[in-house]
Amino acid sequence: MSTIKGKAPTVTAVARDLGVSSESLRGWYRQARIDRGQGQSGQLTSEEREELKRLRRQNAEQAKTIEVLRKAAVFFAKESDR
């Protein structure tokens, strides 16, 4: 990729050269800045996003387990009353 008269290429030109959409390239660039600590306050790094996904998945699994245990407790409580 060459520059014209010392000007940096546009995001659109770089995206076209890479064969991706300009919005994808902008998103990747934005996330890379955040990962380097150059994002705004409150923006999650890639590592933090992955941890959040993992914790949400774990939370959902635990909620299902709790529901099964509640149903089992009700069932056995009824059985013990007989």
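Just so we're clear, the structure is a prediction, and the values are computed from it rather than from any experiment.
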Show your reasoning for whether side-chain contact (heavy atoms from CB on, under 4.5 Å) applies to E47 and E50.
CA-CA 5 Å; E47 185 177 313; E50 288 302 315; 5.9 Å; no

Show which side-chain atoms of residues 55-69 pair as donor or acceptor with protein atoms under 3.5 Å away, not counting sequence neighbours.
from, atom 1, to, atom 2, distance (Å)
T65, OG1, E61, O, 3.0

Is there a side-chain contact (heavy atoms from CB on, under 4.5 Å) between F75 and E79? Walk through the geometry before answering.
CA-CA 6 Å; F75 174 79; E79 289 291 313; 3.8 Å; yes

Which residues pass the side chain to side chain contact (heavy atoms under 4.5 Å, CB included) test with T12, sequence neighbours left out?
T10, R16, S22, R26

Run the side-chain donor-acceptor check on residues 32-43: report pairs under 3.5 Å with partners two or more places apart or on a different chain.
from, atom 1, to, atom 2, distance (Å)
D35, OD1, Q31, NE2, 3.1
D35, OD1, S46, N, 2.7
D35, OD1, S46, OG, 3.3
D35, OD2, S46, OG, 2.8
R36, NE, Q38, OE1, 3.4
R36, NH2, Q38, OE1, 3.0
Q43, OE1, Q40, N, 2.6

Nearest heavy-atom pair of V11 and L25: which atoms, and what distance?
O-CD2, 3.6 Å

With clusters defined by side-chain heavy atoms of hydrophobic residues (ILVMFWY) lying less than 4.5 Å apart, directly or transitively, does V14 cluster with W28?
yes

